[in-house]
**Q** 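Attaching a single structure in structure tokens format; questions to follow.
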Amino acid sequence: MKLRLVRHARPIAADSLCYGRLEIEVDPAQTSELATTLARQLPPGAHLRVSPRQRCEKLAQQLCKARPDLIHRTDPDLAEMDFGTWEGQRWDTLGAAALDAWVQDFGQHRPGGGESVNEVMRRVAHALQRTRAETTTDGHGVWLTHAGVIRAVHLLRQGVQTLSEARDWPSQTIGYGQIECLDLGPPAPAQAPVRAS
């Protein structure tokens, strides 16, 4: 089973802006180019799941316009992390104390009162389980999603289900419009629930 992880196009916003659930506009030209690239790459019958954020929904709409055979389903588990009251603020205005509190308890702390990293990990794990169950061994899954979700997938594939410290979080760059294809192997039999932290 193959799973393509696709990050949305570049936002039209300051690079230093904190955003997760915040709805922000993305580069329309890059969105169009990415949709065209995906339309050429995706095989017939690919299972398309999409984050509910507009930056991913707009990409899905353009892709499905180019490829009417594809049907997309919105999946809330593919949304970026919710940063609560930090949403829409510049990272450099949040203050060292707030950022330090997050780093000290990286897995369980809820920045801005939003969502913890471990909560993100749990919902991404559930999305992976659903994708495996719904996609046959010769099938192709496609997620239109965000950098945080893609990093969570990488950790889950390594067997990491919860985090304690920031250094556990993958540091690799995930570019806007990046397409990554993973081999997930055959669907697994019924799995034990993801361990809560």
Side-chain angles (χ1 to χ4, degrees), residues 5-35 37 49-60 62 74-128 143-158 160-180 182 196-197:
L5 300 171
V6 184
R7 189 181 183 191
H8 58 79
R10 177 178 295 281
I12 304 172
D15 288 338
S16 60
L17 192 69
C18 176
Y19 62 91
R21 76 162 192 275
L22 186 68
E23 295 292 10
I24 54 176
E25 290 297 319
V26 293
D27 184 328
Q30 190 182 24
T31 298
S32 179
E33 182 181 327
L34 183 55
T37 299
R49 288 189 167 273
V50 184
S51 159
R53 300 286 76 85
Q54 288 180 15
R55 50 198 185 267
C56 296
E57 286 281 0
K58 288 181 178 179
L59 172 59
Q62 289 200 33
T74 300
D75 188 340
D77 285 340
L78 302 189
E80 184 59 284
M81 183 171 172
D82 179 352
F83 288 98
T85 59
W86 291 11
E87 295 279 348
Q89 296 189 53
R90 290 174 53 95
W91 285 102
D92 59 6
T93 64
L94 295 173
L99 293 171
D100 286 347
W102 186 23
V103 171
Q104 292 300 319
D105 191 12
F106 190 68
Q108 297 190 74
H109 185 77
R110 292 183 168 134
E115 187 176 27
S116 74
V117 171
N118 286 344
E119 287 170 326
V120 174
M121 294 284 290
R122 281 193 289 277
R123 63 177 166 80
V124 173
H126 294 149
L128 272 175
W143 288 7
L144 306 184
T145 189
H146 311 270
V149 171
I150 294 170
R151 288 188 174 100
V153 169
H154 285 288
L155 286 172
L156 290 162
R157 290 183 74 227
Q158 296 168 25
V160 177
Q161 294 187 358
T162 58
L163 298 181
S164 57
E165 299 175 349
R167 67 172 174 262
D168 296 329
W169 193 240
S171 59
Q172 82 271 21
T173 299
I174 299 173
Y176 296 111
Q178 178 175 313
I179 303 169
E180 181 178 356
L182 304 178
S197 61

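It should be emphasised that the depicted structure is a prediction, and the values quoted were computed from it without experimental measurement.
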**Q** Just grab all the ring pair (Phe, Tyr, Trp, His ring centres under 6.0 Å) pairs involving residues 8-34, residues at least two apart or on different chains.
**A**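 Qualifying pairs: His8-His146, His8-Tyr176.
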**Q** Find out whether Arg122 and Gln161 are in side-chain contact, i.e. whether some heavy atom of one side chain is under 4.5 Å from a heavy atom of the other.
**A**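 Arg122 does not reach Gln161 side chain to side chain.
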**Q** As an exercise, state the distance from CZ of Arg110 to CE of Met81, rounded to the nearest 0.5 Å.
**A**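 Answer for the CZ-CE pair, Arg110 versus Met81, is 10.0 Å.
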**Q** Let me confirm one number: the CZ-OG1 distance from Arg55 to Thr145, rounded to the nearest 0.5 Å.
**A**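 Arg55 CZ to Thr145 OG1: 9.5 Å, rounded to 0.5 Å.
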**Q** Is there a donor-acceptor pair under 3.5 Å between the side chain of Gln108 and the backbone N or O of Asp105?
**A**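 Flag not set: sc Gln108 to bb Asp105 has no pair under 3.5 Å.
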**Q** Quick check: closest heavy atoms across His109 and Pro111, and the distance to 0.1 Å?
**A**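 So the minimum-distance heavy-atom pair works out to O-CD, 3.2 Å.
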**Q** Give a yes or no on whether the backbone of Leu94 and the side-chain of Gln89 come within a donor-acceptor separation of less than 3.5 Å.
**A**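 No, Gln89 side chain to Leu94 backbone: no donor-acceptor pair under 3.5 Å.
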**Q** I'd like to check the side-chain hydrogen bond (donor to acceptor under 3.5 Å, both in side chains) partners of His154; sequence neighbours left out, ordered by chain and number.
**A**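 Glu180.
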**Q** Heavy-atom distance under 4.5 Å between the side chains of Trp102 and Val117, does that happen here?
**A**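 Result yes, sub-4.5 Å side-chain heavy-atom pair found.
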**Q** To the closest 0.5 Å, what do you measure between CD1 (Ile24) and CZ (Arg10)?
**A**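 Reported value, rounded in 0.5 Å steps: 11.0 Å.
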**Q** Flag the pair Leu155 / Val124 as yes when at least one side-chain heavy-atom distance between them is below 4.5 Å, and no otherwise.
**A**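 No, too far: nothing below the 4.5 Å cut-off.
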**Q** Under a 3.5 Å threshold, yes or no: a donor from one side chain and an acceptor from the other, between Glu80 and Ser51?
**A**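 Note: Glu80 and Ser51 side chains miss the donor-acceptor criterion.
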**Q** Check whether any side-chain heavy atom of Thr93 lies under 4.5 Å from a side-chain heavy atom of Ser16, and answer yes or no.
**A**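 When only atoms from C-beta onward are counted, Ser16 and Thr93 do not touch, as no gap falls below 4.5 Å.
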**Q** If you look at every heavy atom in Ala127 and Asp77, which pair is closest and at what distance?
**A**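 Taking Ala127 first and Asp77 second, the nearest heavy atoms are CB-CB, 3.9 Å.
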**Q** Please determine whether side-chain contact (heavy atoms from CB on, under 4.5 Å) holds for the pair Leu99 and Trp91, giving the CA-CA distance in whole Å, both sets of side-chain angles, and the decisive distance to 0.1 Å.
**A** CA-CA 9 Å; Leu99 293 171; Trp91 285 102; 4.1 Å; yes
**Q** To the nearest 0.5 Å, what is the distance between CD on Glu87 and CG on Leu17?
**A**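 CG of Leu17 is found 8.5 Å from CD of Glu87.
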**Q** Hey, what do you get for CE (Met121) to OG1 (Thr162), rounding to the nearest 0.5 Å?
**A**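 One gets 7.5 Å once the value is rounded to the nearest 0.5 Å.
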**Q** Looking at Val50 and Leu78, what are the two nearest heavy atoms and their distance?
**A**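 It is N-CD1, 4.0 Å.
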**Q** Taking all non-hydrogen atoms of both residues, which atom of Val26 and which atom of Ala9 are closest, and how far apart?
**A**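 Smallest heavy-atom distance, with atoms named: CG1-O, 3.5 Å.
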**Q** In Å, rounded to the nearest 0.5 Å, how long is the span from CD of Glu25 to OG1 of Thr31?
**A**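 With rounding to 0.5 Å, CD (Glu25) is 9.0 Å from OG1 (Thr31).
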**Q** Can Arg21 and Glu115 be counted as an ion pair, charged N to O under 4.0 angstrom?
**A**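 Here Arg21 does not pair with Glu115 in a salt bridge, since their nearest N and O are not under 4.0 Å apart.
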**Q** So, for Ile174 and Ala147, which heavy atoms are closest and what is the spacing to 0.1 Å?
**A**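 Closest heavy-atom pair between Ile174 and Ala147: CD1-O, 3.7 Å.
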**Q** With sequence neighbours left out, write down each residue that passes side-chain hydrogen bond (donor to acceptor under 3.5 Å, both in side chains) with Asp27, or none if nothing qualifies.
**A**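 By the side-chain hydrogen bond (donor to acceptor under 3.5 Å, both in side chains) rule, Asp27 matches no residue at all.
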**Q** What are the two closest heavy atoms between Asp75 and Pro52, and how far apart are they?
**A**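 The pair with the smallest heavy-atom distance is O-CD, 3.5 Å.
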